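Okay, structure first, notes after.
Chain letters run A, B, ... following the sequence lines, proteins first, then strands; residues in each count from 1. No experiment lies behind these values; they were computed from the predicted model shown.
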Amino acid sequence: MVSFTMRVPGCLALAAVPFLISLAGGAVKDLGPKLPPRVLDWKASGDDAVYDRTTLYDYMDGGAEVYLAFGFREVLVRKYADAAGDELVLDIYDMGSPAEAFGMFSCDRQDPEAGLGQGSEYGPGLLRFWRGRYFVSVTVSGNEDKAEAAVLALGKAVAPLLGPDGALPDMLGLLPAAGLQAGRTAYFHDQVHLSNRYFISAENILNLSGKTECVFAEYRAASGDSHRLLIVRYPAAAEAEAAARSFRSAFLPGSDAEGVARTESKGWSAVRSEGRLLAAVFEASSKDEAVRLAAEALRPAK
Amino acid sequence: MTSPMTRRDFIRGTTVAVLGASAALGQETAPQVPKTRVVLVRDPDALDADSAFNEPVIQRMLDEAVMKLVGQADPVEAFKRLVRPEDVVGIKTNVWSFLPTPAAVEKAIRRRVLDAGVAEEAVGLDDHTVRTNPLFVKATALINARPIRTHYLAGMSGCIKNYIMFAESQEAHHPDSCASLGSLFLLPQVKGKTRLNVLCALTPQFHGRGPHNFSRRYVWNYKGLIVGLDPVAVDSVGLRLIMAKRRLELGPAQEIPPVPKHIQLADTRYGIGTADPAKIELVKLGWLDDVLI
């Protein structure tokens, strides 16, 4: 049985008070009155619901940790239904900061850009975008093709409510530009997101935690080969050094003095640390490429 | 101390490393030991053109699988090898709204349990309230039935994870990629009672996205059931299926779902079954097109 931390009466959801609220520091429930009561043939259905860090498990079966591993604060859930009984579900997540909102968006990008907010994507049955400190998803239960226009219209109505825009994580600036597949870059903190993005180990050999910041990027060489780069920023240099040793021991036990080895994928992997940063390269087409990418990622003051 | 399982282990030995190292080592010299039988049965008519479940076909699939599993030529006789008339039988289903255990599977199991002589009032079906459901509290036999899908933390939701509703705290099993799920089978309410595991691969989900880790795009009509007495062996086979589909659809980089370590640990840490593919006899029945494993 689902329990709600807070229900917002439907009559409020239908009221229009666009002048009332600046959302910059407000609670996510305050968004409810500003949301459209109707989108094309879809009408708001039932009460809005709000879940916070302690109640998110009531809303998600097994998915809450994905959000809790970021700075998630609370989510507003609004449902829309059409005459056939199909349903759109609008989730507006207050992730606590623009960096965390981008992170939530970035970890699961697979569809074409939808032109909403500061970054978006749409594929059948799923719209995702972020703006400011908010991450938004619209999901469809029922006929996904029929719902497409309404999903995108809802997104267009919601995105302006979430401003102002926010800054991207500064760690993105560490990524070497040449060959970077920018739309595939993910920002996160924890092992759970690394494992979902690119499985490295069943154990937390890099000692990732809520205190670490990670960017995971994909690169394409001129030859067409693709390889991957992980940069981790630790709270202290000693932690980065320890993680590099741990990674070398667990993942690259045969690595040379430069921390480079050829792996079973036929590609080259490398690990290095410098100050608070660690860089790990996967599946590079040559040893030189692996070394170059790791070194570039760690070069100071870019 | 053993080295942690890594991506390199997967590539080196495909799924062997995550599911038990012995298969990769000394296969020719290893002593012959009885293997754990798992039956995969598929039928192209298990779903109709509108993807509705075909109850008679699914009944037949279950019957064939269980007959093969226990070596009986008649489905009722086969089920009599699993449950006794005096048993109280709890069918642990899964009601996750996006991909529940199909009613056709629930009905097929229930029918054969009744055919085997169990009284109607001694057969129950439940998911979220199994810990307190009076029938499940006094159950002498459990049948474990759920769909196969990927899971953001556990890597895969299969028969092992299906018992999480027996836990006093579900969240307590979330850390370390749900590593402790195997312990659920050692709970007093559960231990030694599971007579059959039916992993529904009729419409498996090979990848999860969105707030509930579900998107219809990543569900396909495989039209199969994976059936066994050992939940770990059943899940081990299920994981191979998920990985094969992920490799096909998402590419080698995403072949491995996030850390499905609980399957291996159910074997090596909790001793509730067999995860090593080399120790599993996979019997395939019926339709073999795009079987993947």
Side-chain angles (χ1 to χ4, degrees), chain A residues 1 56-57 59-69 75 77 89 91 93 108-111 123-128 135 137-142 144 191-205 218 226 228 246-247 249-253 261 263-266 269 282-283, chain B residues 2-14 17-18 94-98 128-129 149-155 157 161 164 170-171 173-179 207-218 243 246 250-262 264-265:
Chain A
M1 178 178 169
L56 190 61
Y57 288 104
Y59 181 49
M60 297 174 179
D61 179 5
E65 282 85 353
V66 175
Y67 297 82
L68 297 176
V75 57
V77 180
V89 181
D91 293 349
Y93 300 86
D108 185 26
R109 281 187 282 184
Q110 297 188 14
D111 291 323
L126 180 61
L127 171 68
R128 306 170 69 252
F135 166 72
S137 72
V138 182
T139 51
V140 177
S141 67
E144 295 171 344
Q191 170 86 349
V192 62
H193 287 290
L194 176 60
S195 293
N196 276 276
R197 189 67 179 77
Y198 187 79
F199 174 82
I200 292 175
S201 174
E203 306 301 329
N204 187 6
I205 61 175
E218 295 184 9
S226 61
R228 293 159 178 83
S246 167
F247 183 88
S249 171
F251 195 86
L252 295 175
T263 69
E264 292 73 14
S265 68
K266 310 301 180 194
S269 283
F282 303 91
E283 301 176 40
Chain B
T2 57
S3 298
M5 177 177 58
T6 70
R7 181 178 202 88
R8 296 184 64 184
D9 294 316
F10 270 99
I11 295 169
R12 194 180 293 133
T14 320
V18 73
N94 195 286
V95 299
W96 192 57
S97 60
F98 300 98
H128 287 178
T129 58
R149 65 180 175 98
T150 51
H151 187 273
Y152 215 91
L153 289 178
S157 289
K161 191 170 181 302
I164 197 166
Q170 295 170 43
E171 291 173 35
H173 291 277
H174 287 168
D176 194 16
S177 305
C178 302
H207 184 45
R209 299 189 66 206
H212 302 284
N213 207 32
F214 178 83
S215 175
R216 204 180 305 275
R217 276 181 277 169
Y218 305 106
M243 289 180 63
R246 288 173 67 92
L250 305 176
Q254 286 189 274
E255 174 183 1
I256 307 163
V259 205
K261 63 199 290 186
H262 73 275
Q264 178 193 11
L265 293 174

Item to check | Rounded distance (nearest 0.5 Å) linking atom NE2 of H207(B) with atom CG of N196(A) | outcome: 8.5 Å
Item to check | Minimum side-chain heavy-atom gap R8(B)-P253(A) below 4.5 Å | outcome: yes
Checklist outcome for this item: If one checks every heavy atom of H262(B) against chain A at 4.5 Å, the contacting part turns out to be neither
Checklist entry - Hey, does T6(B) have a side-chain heavy atom less than 4.5 Å from the side chain of E203(A)? => result no
Next on the checklist: Quick check on Y67(A) against chain B: is it the side chain, the backbone, both or neither that has a heavy atom closer than 4.5 Å?
Outcome noted: side chain
Checklist entry - Side chain, backbone, both or neither: which part of I200(A) has a heavy atom under 4.5 Å from chain B? => result backbone
Item to check | Close side-chain approach of Y152(B) to M60(A), heavy-atom, < 4.5 Å | outcome: no
Item to check | Reported CG-to-OG distance for the pair D108(A) and S215(B), which is rounded to 0.5 angstrom | outcome: 9.5 Å
Item to check | Segment of Q110(A) engaging chain B (4.5 angstrom heavy-atom cut-off) | outcome: both
Next on the checklist: Are the side chains of E255(B) and F199(A) in contact, using a 4.5 Å heavy-atom criterion?
Outcome noted: no
Next on the checklist: Within the structure provided, determine whether R217(B) and P124(A) are in side-chain contact (heavy-atom separation under 4.5 Å).
Outcome noted: yes
Next on the checklist: Is E171(B) in contact with chain A via its backbone, its side chain, both, or neither, using a 4.5 Å heavy-atom distance?
Outcome noted: side chain
